[in-house]
2 protein chains.
Amino acid sequence: MDFTSETVITSADKTYIQLRNDIVEGRIAAGTKLSEVELSTNYSVSRAVIREAINRLMACHLVERKANVGARVVTLSPEGLEQLYQVRESLEGMAARLAAKNMTDTEVQNLQQLLDAHFDKQVQAGESYYQEAGDVDFHYRIIQGSKNQHLISVLVNGLYHLVRMYRVQLGMAGPRVTTAFDEHLHIVKAIANRDEELAEILMRRHILYSKNNIQTKLLNHSNL
Amino acid sequence: MDFTSETVITSADKTYIQLRNDIVEGRIAAGTKLSEVELSTNYSVSRAVIREAINRLMACHLVERKANVGARVVTLSPEGLEQLYQVRESLEGMAARLAAKNMTDTEVQNLQQLLDAHFDKQVQAGESYYQEAGDVDFHYRIIQGSKNQHLISVLVNGLYHLVRMYRVQLGMAGPRVTTAFDEHLHIVKAIANRDEELAEILMRRHILYSKNNIQTKLLNHSNL
DNA sequence: CTTCTTTATATTGTCGACAAAGTTTAGCTT
DNA sequence: AAGCTAAACTTTGTCGACAATATAAAGAAG
């Protein structure tokens with residue numbers, strides 16, 4: 001779940017993470033106005049803490065704020081999804097390429113073991129288990145494997161929460177879960193072979209598929 | 001200068017921009033500890049607005065903060081430059097491709113006129129004029145031309161200030177200014193021809209050259 | 001009755017003070 | 001004298017109150 005294993009120290013940290021999860025997982029609906037006083041009573045902290053949390057949420061594009069007016073949770077739209085995945089495809093493709101170059105041998109082995117474990121659970125649970133958590137974990141490790149601090153930050157702190165928001169709020173269970181596993185397998189194989197170019201291509205394609213999958217869901221749920 | 005033409009409303013906005021410029025342009029040296037009380041007296045605002053400004057500076061990677069300890073201006077390093085330009089190459093290459101696809105004809109014309117104006121000033125001032133401001137303006141328009149909100153935000157609000165910091169603090173005047181103009185010319189031509197693939201390739205190459213140029217400067221200034 | 005103005009209300013922006021955590025200095029023990 | 005402990009100090013984190021701005025409501029003019 002908390003795939004970043006964030007080190008929480010201050011009250012603002014906690015509040016930020018709580019608020020973020022409540023937004024990503026839809027307990028605070030998209031488009032909702034965020035009242036500072038209301039939130040400060042709900043989360044039992046001062047307005048200063050809420051304001052800091054909101055500022056961080058702005059940084060990862062989960063809320064937007066107008067001066068002297070207030071902050072709103074972003075709204076999800078087909079165009080927003082398209083643009084988000086365009087950027088994601090480019091950046092994660094790059095991450096896969098860099099991972100093929102920079103991951104240590106043991107990191108690659110651990111990644112393979114992760115997939116093995118997922119495979120076991122998958123057959124055990126009737127091949128519908130493999131989804132959100134495992135997928136996020138997989139991508140997270142490759143991003144970290146790039147060893148590029150800016151790339152890691154932009155993806156993990158910047159875009160991924162919004163990606164999760166789209167996926168969670170559109171209900172991520174579907175026929176794609178099994179095929180995604182195979183794609184992961186091929187990506188890891190490319191990384192293990194240190195084939196940078198192939199790793200990037202496969203990752204880009206994997207994300208493109210993922211986007212198409214979500215977009216069809218988005219059309220079915222016509223409520224956007 | 002203020003290539004984003006940011007709409008300043010609150011006191012925190014102003015303070016953020018001031019602080020950002022002071023950091024980017026080296027008046028606050030890289031690595032400096034940022035004391036909240038000291039800054040609040042220097043900029044004549046309360047600690048609350050300083051804290052908000054620092055939070056925004058964290059979001060664009062110009063300062064780092066440890067809880068209960070404080071914030072420091074980032075330090076510049078060859079590795080940091082390398083990683084920054086890796087990401088920049090990928091994202092701006094994508095921006096050029098999208099710009100070739102999405103810019104309106106009039107936007108493309110305006111871009112060409114911009115280059116013409118730069119060319120005039122360049123010959124007039126003895127071909128050493130073309131630098132920082134013009135370059136930033138050029139790149140800024142292409143980024144905007146991508147019409148991808150996430151891409152725009154990550155680049156303009158996220159990475160560009162740090163790019164500027166590297167360039168400013170290493171002294172950006174040099175033999176490259178003239179050749180860079182030709183590269184810009186070719187990029188615009190590719191965009192005008194709606195050649196997405198070429199636009200991306202040329203932009204990536206342009207940024208790669210730019211990185212190499214800065215890296216050599218960084219080696220000469222051995223003070224890093 | 002509609003529209004504009006003005007007043008009232010609610011929300012955000014800013015501030016100074018208190019609490020908590022970290023850092024330095026002084027004193028004690030070995 | 002060196003190293004550890006504890007107290008004093010400095011800095012950050014949090015809070016409640018006040019000021020400024022925007023929204024909503026009430027009243028006046030047409």
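Computed from a predicted model, the values in this text were never measured in an experiment. Lettering follows sequence order; numbering is per chain, from 1.
In terms of the side chain to side chain donor-acceptor pair (under 3.5 Å) criterion, residue partners of B:Gln215 (sequence neighbours excluded) are, by chain and number, B:Glu82. In this structure, the side chain to side chain donor-acceptor pair (under 3.5 Å) partners of B:Arg56, at least two apart in sequence or on a different chain, are B:Asp13, B:Glu52. Every residue was checked against the side chain to side chain donor-acceptor pair (under 3.5 Å) condition with A:Gln83, not counting sequence neighbours, and none meets it. Residues satisfying the side chain to side chain contact (heavy atoms under 4.5 Å, CB included) test with A:Asn68, not counting sequence neighbours, are B:Ile9. Among residues two or more places apart in sequence or in another chain, the side chain to side chain donor-acceptor pair (under 3.5 Å) test is passed with B:Asn42 by none.
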Determine whether B:Tyr43 and B:Asp22 satisfy the following criterion, side-chain hydrogen bond (donor to acceptor under 3.5 Å, both in side chains), listing intermediate values before the conclusion. CA-CA 12 Å; B:Tyr43 292 80; B:Asp22 288 346; 2.6 Å; yes
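Inter-residue side-chain proximity for A:Leu84 and B:Asn148 is flagged as unmet; no heavy-atom pair is nearer than 4.5 Å. Contact of the A:Cys60 side chain with the A:Tyr16 side chain is registered, since non-hydrogen atoms from C-beta on lie closer than 4.5 Å.
A salt bridge (Lys or Arg N to Asp or Glu O under 4.0 Å) check over residues 83-94 of chain A, counting only residues at least two apart or in different chains, returns the pairs A:Arg88-A:Glu92, A:Glu89-A:Arg204. Pairs of residues two or more places apart, or lying in two chains, never qualify as salt bridge (Lys or Arg N to Asp or Glu O under 4.0 Å) while including a residue from residues 152-162 of chain B.
Partner A:Thr15 forms a side chain to side chain contact (heavy atoms under 4.5 Å, CB included) with one of A:Thr10, A:Val45, A:Ile54 and no other, that one being A:Val45.
The separation between B:Tyr16 atom OH and C:dG13 atom P is 16 Å, rounded to whole Å.
In the 5' to 3' direction, nucleotides of DNA chain D lying under 4.0 Å from heavy atoms of chain B begin and end at D:dT11 to D:dT14.
Within residues 44-53 of chain A, the residues that have a heavy atom under 4.0 Å from DNA chain C are, in order of number, A:Arg47, A:Arg51. Scanning residues 55-74 of chain A for heavy-atom distances under 4.0 Å to DNA chain C yields A:Arg65, A:Ala67, A:Asn68, A:Val69, A:Gly70. Non-hydrogen atoms lying under 4.0 Å from DNA chain D are contributed by B:Lys33, B:Leu34, B:Ser35, B:Glu36, all within residues 33-41 of chain B.
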Sequence neighbours excluded and cut-off under 3.5 Å, please list the side-chain donor-acceptor pairs for residues 34-41 of chain A, or say none.
residue, atom, partner, partner atom, Å
A:Ser35, OG, A:Glu38, N, 3.3
A:Glu36, OE1, A:Arg47, NE, 3.0
A:Glu36, OE1, A:Arg47, NH2, 2.9
A:Glu36, OE2, A:Arg51, NH1, 3.0
A:Glu36, OE2, A:Arg65, NH2, 3.4
A:Ser40, OG, A:Val37, O, 2.8
A:Thr41, OG1, A:Val37, O, 3.4
A:Thr41, OG1, A:Glu38, O, 2.6

